[in-house]
Amino acid sequence: MSHNLTRARWPALPAASRVAIFMLSVLFISTSSATNVSVTPAPQKSSAQSLSPTISPSYAGMGIEPSNLLSFTGTTSVNQLTFQLLSNLANYTGVPPHLRIGGNSGDNMIYNSSINSYYLQENPNASGQGNIKTDFYFFGPNYFRALDRMPKGTPITYGLNLAYTGADALDRISEQATAAFDLLSNVTVVGLEIGNEPDLYVQNSYRNYSWTATDFGNEWSTRAQHVYQQVLAPRNIGSNFFEPATTATTATKSGQQFRIPNLVETGVAVENGIYVAGWNQHDYYYYVGVSTYQLSLDLLLNLKQTSDQFREWANQAQQALVTGKPYYLREMGSVGPTGIQGISDTFGNTLWTLNFFLYAATVQVSSVQMHLTDNSYGSPWQPIVINGTRPHVRSSYYAWAAFDQVIGASCDKTIAPLTVANIPSTYQNRLSAYTIYKGDNIESIVMINTQPAYMATPSKPDVYFAVSLPTSFAGQTAYIAVLTADGADAKDNTTWNGISYERSGTGAPTVVSSIQNTTQVGQDGTLSVPVRDSQAVVVTIGRALGNEEVDQVRCGLLATSTPEGGENSANGTVTASPAPTFKSTTGFHKEGFHLSTGAIIAIAAGGGTFLLVLFLLSAWCCVRACKKSRRRKELGRGARAPVSMLAASQQESPLLRNDMEQGALTPKSASFYGPPSAPLGSKSATPRSSVHSPLGSQAVLQDGGQGHPRMPAVRGAGGGAPTGPTMRYAAMQPEYDETSNRSERSSARR
Ligand SMILES: *[C@@H]1O[C@H](CO)[C@@H](O)[C@H](O)[C@H]1NC(C)=O
Ligand SMILES: *[C@@H]1O[C@H](CO)[C@@H](O)[C@H](O)[C@H]1NC(C)=O
Ligand SMILES: *[C@@H]1O[C@H](CO)[C@@H](O)[C@H](O)[C@H]1NC(C)=O
Ligand SMILES: *[C@@H]1O[C@H](CO)[C@@H](O)[C@H](O)[C@H]1NC(C)=O
Ligand SMILES: *[C@@H]1O[C@H](CO)[C@@H](O)[C@H](O)[C@H]1NC(C)=O
Ligand SMILES: *[C@@H]1O[C@H](CO)[C@@H](O)[C@H](O)[C@H]1NC(C)=O
Ligand SMILES: *[C@@H]1O[C@H](CO)[C@@H](O)[C@H](O)[C@H]1NC(C)=O
Ligand SMILES: *[C@@H]1O[C@H](CO)[C@@H](O)[C@H](O)[C@H]1NC(C)=O
Ligand SMILES: *[C@@H]1O[C@H](CO)[C@@H](O)[C@H](O)[C@H]1NC(C)=O
Ligand SMILES: *[C@@H]1O[C@H](CO)[C@@H](O)[C@H](O)[C@H]1NC(C)=O
C-alpha cells in the first residue's frame, strides 16, 4: 500500500450545534411556467448504461509541464498554495490527485547528478537533434526534492526523455528513472511515460521523415526493458509500469498510426504487453492557433461540442478495454496551451470541467490530468506572482473539489450518464446529469445546467429536475450541494457546497454557508430539484458530502486492482505478481475506424492512399525546396492566431520559425478543426498553421542566471519560458468540410 488511508477527512463539519439543518421546502416551490425536465436513474448499477470503471480516488488530477514544475512545487520551501489545494482534495478522497510530470520540455531534459540548482540549466554542450535539442537542459537532484514536497502519497506518472538518442541514451534514461525512485519518497511514482507525443517527433525534428510508429515501438520497448532491468526489477516493481501511446492526438494523419490497434502491432506489445500499465492519451477540447474557429463561453458550454469532439478518444478507450489495459487522459484541458482569458478563468470553465470529469469516466477513461502551467488561465490556481498578480485560486478548482467530494473515500463509486428527458429546445445541449452509484446503489445525482447566465443578468431562471428514484428511497433525506457563482462569466467567489477556497487567502476551505440544505424524497420516490442557469446541483442520499470516512478494506482492494494502474505497485517492497499481458490484441471493434474514416482528412480526402502518398511526396519536396517561401505564404495568408501569438515576442526564434514551417507543411491537419456548425467555407477563410505551446513563464534558467545564457526561444512573462517544441492538434470536429479540405490539399500540393 502506498497510500496513507487513515488520514482524517474534511470537513470537519462545524459542530453539529452550529449547523442548522433546514428543510428548505421553499427551494422546491415552482411555478407552472418553470422549465421542467426529468431524469430516471437506473436503480442498480448493473442496469445502468455506459457505467464507468470504479473511480480511483485520484482520478481527477493535474499534469505539470516539467520545465514549469518548480513554479508549482516551490524550491527550498514548498509552495504553500499548491500544497494546501492538493491537500484539500486528498482530504475528500483519501488520496491526493494524480499528477503527471510530463510534456514537451521533458524531451529536452537530461538528468545530471552534478547539477546543484533546483532549476534547469542549459547544457553547455548540447548535441541532440531537434528544434530544441533533446539534451538542451540539465536538471539535478534538487528538482526531485522540490517535487517531493508535495502531499504524501501523491501518485505520480513521471515522463522520461525518449527523444534523446546519443550513444549514452540508455544510460541517461535509466539514470533519470533511478533518480526519480531514489529521491522521491513522499510522493509515489506509480508509472513512467517514455517520451512525450511521439506522433510529433518528426515535426519537432527529433526524428527524420522515415520514422514511424513501428520505430517508436522498437525504441520504446528497448528503453522499457532497460529501465525495467536496471531500475524496477531491483526494487521489486513489476514490469507493467509504463504508459505508451502518449500521442498528441490519434485523430490526425500522423497520429493515427498511434491508435491502440496499431500500437499493439509494434514493439510496445513486446512479451504480449507485460510492460504496459495503461494507455496514455493527450487531448484538448480547443487549442488556440490550431482550432479553426473562435471559442466563446457560450460555445464551450454547449455540451454536445464536448462529446462530438471526444468521439475519437471514446473509441480509443474502447480499444484499450479490448487490450485489458486502462485508458488515461494524462494531458487535457478545455483550452490549450495556456487558456483564454474570460473563458478559462471563469465559472463557465468550472462547469465544463466538472461535466468533463464525469463524462470522461462514462466513456471508460480511468484518470484525467488537466495540464497546468503557471501562466495558463486554465490552471485551477496561479501558483506564483505573474504580471504583478498574486497567486490565487481560480474558479475551475471548485470542479476538482466538487468531483472529489462526490466521489468521496469509499472506493466503490461508479458513474453513469443519465438521460435528461423533456428538454425544451432552448435548453438543448445545456443540461446533463449523472448517477453516482455506491456499490450497487444510487448515492448521488449530479445535475448540470450550462445555459449561460451572466453576472449582469438580474434574475436567472431555474430548470426543475424531476428525479424519479426507486420507491425504496421514499421519505429519505436528500442532501443538497450546489456549485455556483454570480454567473458563467464570474471569475471570483465561486462556492461549492457552502465552501470557499478563496476567502482564506491560503487555499484552505472556509465554510461560508453552514446551512446544510436537505429535502425529503417523496412517497412516490420523486424529488424536484431546481438548478439555476449556469449552476450544478448534487443531491445525495444518506450522507452530507465532504466527510466520508476512508473505507480501508475497499480502498485496499481497489489499490491492488485499480484501473489507475499500479498505484500500489511502487511501494518498493511489493514483489509484483506476474505482470498482466494484453487480454487481446485482436477483435477491436470496427466502430473506432468507422468514425475516423468519415472524420479524419488523411483518410477521408477522397483519393485515399495514392493521393496521400502524392501529398507526402510533395510535402517532402516542399520542405526541401520551398521552406522559406512556404512560411511567408502561410504568414501572408492570414494565419491569425499564430501571428498574434508571436507578435509580442520572438518571431525569429528557431523554435517558432520551425513550427511555422511545419504548420505550412500540414495545413490540413490544422484546418480540419472547424466548428460543427460552421457555415461551409468559413474554415478556409481562417487557415491556421500549427503552433507550439508556450509552456509556462517560469524562469527555469534563473538560478545563477547571470552566468547562464538563456535559451534562445524563451517567451512569456517572468523572463524565460522554455517553450515546448510541440506542434499540437486540438479539438477534432466530426463534421468534415470537403470543400475547404480539398482546397487546402491542392494548395499544399502546389
Ligand atoms: C509498503 O512499504 C512499507 C514500508 O516501506 C510497508 O510497511 C508496507 O507494508 C508496504 N505495503 C505493502 C502493501 O506491501
Ligand atoms: C484535513 O482534515 C483534517 C481533519 O478533519 C483537518 O485537520 C485538516 O486541516 C484537513 N486538511 C485540509 C487541507 O483541509
Ligand atoms: C414543474 O414542476 C413543478 C414542481 O414539481 C410543478 O409544481 C409544476 O406544475 C411543473 N410545471 C409544469 C409546467 O409541468
Ligand atoms: C553534467 O554536467 C557537467 C557540468 O556541465 C558536465 O561536465 C557533465 O558531462 C554532465 N554529465 C552528463 C551525464 O551529461
Ligand atoms: C564542450 O565540448 C568541447 C569540445 O568537445 C570541450 O572542449 C568543452 O570543454 C566542453 N565544455 C563543457 C562545459 O563540457
Ligand atoms: C512530505 O509530505 C508531508 C505531508 O504531506 C509534508 O509535511 C512534508 O514536508 C513532505 N516532505 C518533504 C521532504 O517535503
Ligand atoms: C532516418 O533515421 C534512421 C534511424 O536513425 C536512419 O537509419 C536513416 O538512415 C535516416 N534516414 C534518412 C533519410 O536520413
Ligand atoms: C501577462 O502579461 C502578458 C503581456 O501583457 C500577457 O500576454 C499575458 O496574458 C499575461 N499573463 C497572465 C497570466 O496574466
Ligand atoms: C468576493 O467576496 C468577497 C467577500 O464577500 C468580497 O469582498 C469581494 O468583493 C467579492 N468579489 C467579487 C468580485 O465579487
Ligand atoms: C442552502 O440554500 C441556501 C438558499 O438557497 C443558500 O444560501 C445556502 O448557501 C445553501 N447552503 C449550502 C451549504 O449550500
Side-chain angles (χ1 to χ4, degrees), residues 3-4 7 68 71 73-80 82-91 95-96 109-118 120-128 133-142 144-154 156 161 164 166-176 178-179 183-188 288 335 337-345 372-379 381-392 394 491 644-649 694-698 704 707-708 715-719 721:
H3 320 132
N4 173 2
R7 200 173 306 126
N68 211 226
S71 285
T73 59
T75 54
T76 50
S77 66
V78 71
N79 181 310
Q80 291 290 352
T82 298
F83 188 87
Q84 178 68 52
L85 292 171
L86 295 176
S87 302
N88 295 341
L89 302 176
N91 254 12
V95 185
M109 289 165 61
I110 299 285
Y111 179 71
N112 185 326
S113 59
S114 71
I115 302 295
N116 293 319
S117 172
Y118 281 88
L120 276 60
Q121 305 291 312
E122 192 175 327
N123 174 356
N125 269 357
S127 63
K133 290 179 174 158
T134 54
D135 54 353
F136 193 90
Y137 300 114
F138 284 144
F139 68 108
N142 277 332
F144 288 113
R145 294 193 180 106
L147 175 57
D148 211 34
R149 298 194 207 294
M150 294 297 94
K152 193 159 181 55
T154 299
I156 306 275
N161 182 335
Y164 178 70
D168 58 345
L170 286 180
D171 290 343
R172 295 285 76 80
I173 201 170
S174 56
E175 217 174 284
Q176 185 184 6
T178 299
L183 295 167
L184 298 175
S185 55
N186 226 11
V187 302
T188 310
V288 173
V335 180
T338 56
I340 296 176
Q341 196 168 18
I343 296 179
S344 308
D345 51 353
L372 272 49
T373 61
D374 58 18
N375 64 348
S376 170
Y377 295 106
S379 297
W381 66 95
Q382 181 185 303
I384 58 169
V385 174
I386 292 187
N387 292 353
T389 309
R390 288 177 47 76
H392 60 276
R394 287 199 183 84
K491 296 182 179 178
S644 65
M645 285 182 68
L646 298 180
S649 45
L695 290 168
S697 66
Q698 177 182 300
H708 296 278
R715 59 174 290 135

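All ligand and atom numbering here is 1-based and tracks the order in the structure.
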Report yes if some heavy atom in the side chain of [X] is under 4.5 Å from a heavy atom in the side chain of [Y]; otherwise report no.
X: Val187; Y: Arg149; result: no
X: Tyr377; Y: Ile343; result: no
X: Pro96; Y: Leu89; result: no

Polar contacts were defined as any N/O atom of the residue lying under 3.5 Å from an N/O atom of the ligand; does this apply to Tyr111 and ligand 4?
no

Nearest-contact summary for [atom] - protein heavy atom, Å:
atom: atom 13 (C) of ligand 6; result: Asp148 O, 4.3 Å
atom: atom 5 (O) of ligand 6; result: Lys152 N, 2.9 Å
atom: atom 7 (O) of ligand 6; result: Phe83 CZ, 4.3 Å
atom: atom 8 (C) of ligand 6; result: Asn186 ND2, 3.7 Å

Straight-line distance of Tyr137 OH to Ile110 CD1, nearest 0.5 Å:
13.0 Å

Decide side-chain contact (heavy atoms from CB on, under 4.5 Å) for His392 and Arg390; before the verdict, give the C-alpha distance in whole Å, the side-chain angles of both, and the deciding distance to 0.1 Å.
CA-CA 6 Å; His392 60 276; Arg390 288 177 47 76; 5.8 Å; no

Quick one: which ligand 6 atoms are inside 4.0 Å of a heavy atom on Pro151?
5 (O)

For Arg149, the atoms of ligand 6 under 4.0 Å from one of its heavy atoms are 14 (O)

Assess the side chains of Asn186 and Asp148: does a donor N or O sit below 3.5 Å from an acceptor N or O?
no

For ligand 8, is there an N or O atom under 3.5 Å from any N or O atom of Tyr377?
yes

Nearest protein heavy atom under 4.0 Å from atom 2 (O) of ligand 6, yes or no
yes

Take the angle between the ring planes of Tyr111 and Phe139 and call it parallel below 30°, perpendicular above 60°, tilted in between.
perpendicular

On a heavy-atom basis, the closest approach of Gly74 and Ala146 is O-CB, 3.4 Å

Where the side chain of Ser344 meets the backbone of Gln341, is there a donor-acceptor pair that is under 3.5 Å apart?
no

Need the ligand 4 atom indices (1-based, order shown) with element for anything under 4.0 Å from a heavy-atom of [X].
X: Ser114; value: 1 (C), 2 (O), 3 (C)
X: Asn112; value: 1 (C), 2 (O), 3 (C), 8 (C), 10 (C), 11 (N), 12 (C), 14 (O)
X: Arg172; value: 13 (C)

Given Asn387, Thr373, Thr338, identify the one with the heavy atom nearest to atom 14 (O) of ligand 8.
Asn387

